[in-house]
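Contents: one structure, followed by commentary.
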Amino acid sequence: MIRYPTSPGLPLQAAQGRVYGRRGVLAGATCPQWTGVGGDSYRERCGETVAGAQAVRDQIQQALDLVPAFDAERAHGLARSLAEFAESAEF
């Protein structure tokens, strides 16, 4: 598969890796030594944040699944434009 330097797949893959890394760090940051209401509140918010990060990661994956079709359509459009240009340049 040819990777286009301007393809949205490359930055999406980088973003997915970053979100995955952050999600892993957050999931492991339970801070068991924190007790009471503050600790419980932190863990609840942390759990919400981890779930939010997973949702973002899932959305990035959905976008990545569309990249091959996007790249193919762009390549087809470029080929069509070049063919039209070649036809119009003929004398």
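Since the structure is predicted, the reported quantities are computational estimates derived from the model, not experimental observations.
- In this structure a side-chain-to-backbone donor-acceptor pair under 3.5 Å is missing from Arg57 to Val19.
- To the nearest 0.5 Å, atoms CD (Glu44) and OG1 (Thr49) are separated by 10.5 Å.
- Here the straight-line distance linking atom CG of Leu78 with atom CD of Glu73 works out to 11.5 Å at 0.5 Å rounding.
- Closest approach of Ala27 to Val50, counting heavy atoms only: N-CG2, 3.7 Å.
- The two residues Ala53 and Arg23 come nearest to each other via the heavy atoms CB-CB, 4.0 Å.
- Side-chain contact check for Gln62 and Asp58: no donor-acceptor pair (N or O, by modelled atom type) lies under 3.5 Å.
- Gln16 and Leu64 get closest at one heavy-atom pair: OE1-CD1, 3.3 Å.
- Taking each heavy atom of Leu12 and Ile60 in turn, the nearest pair found is O-CG2, 3.4 Å.
- Side-chain N or O atoms of Ser41 include none that pairs as donor or acceptor with a backbone N or O of Val37 at under 3.5 Å.
- With rounding to the nearest 0.5 angstrom, the CZ atom of Arg18 is 12.0 Å from the CD atom of Gln13.
- When all heavy atoms of Cys46 and Ala29 are compared, the pair lying nearest together is SG-O, 3.9 Å.
- Considering CD of Gln54 and CD of Gln59, their distance stands at 11.0 Å, rounded to 0.5 Å.
- Linking ILVMFWY residues whenever their side-chain heavy atoms come closer than 4.5 Å, directly or via other members, leaves Val67 and Tyr20 in distinct clusters.
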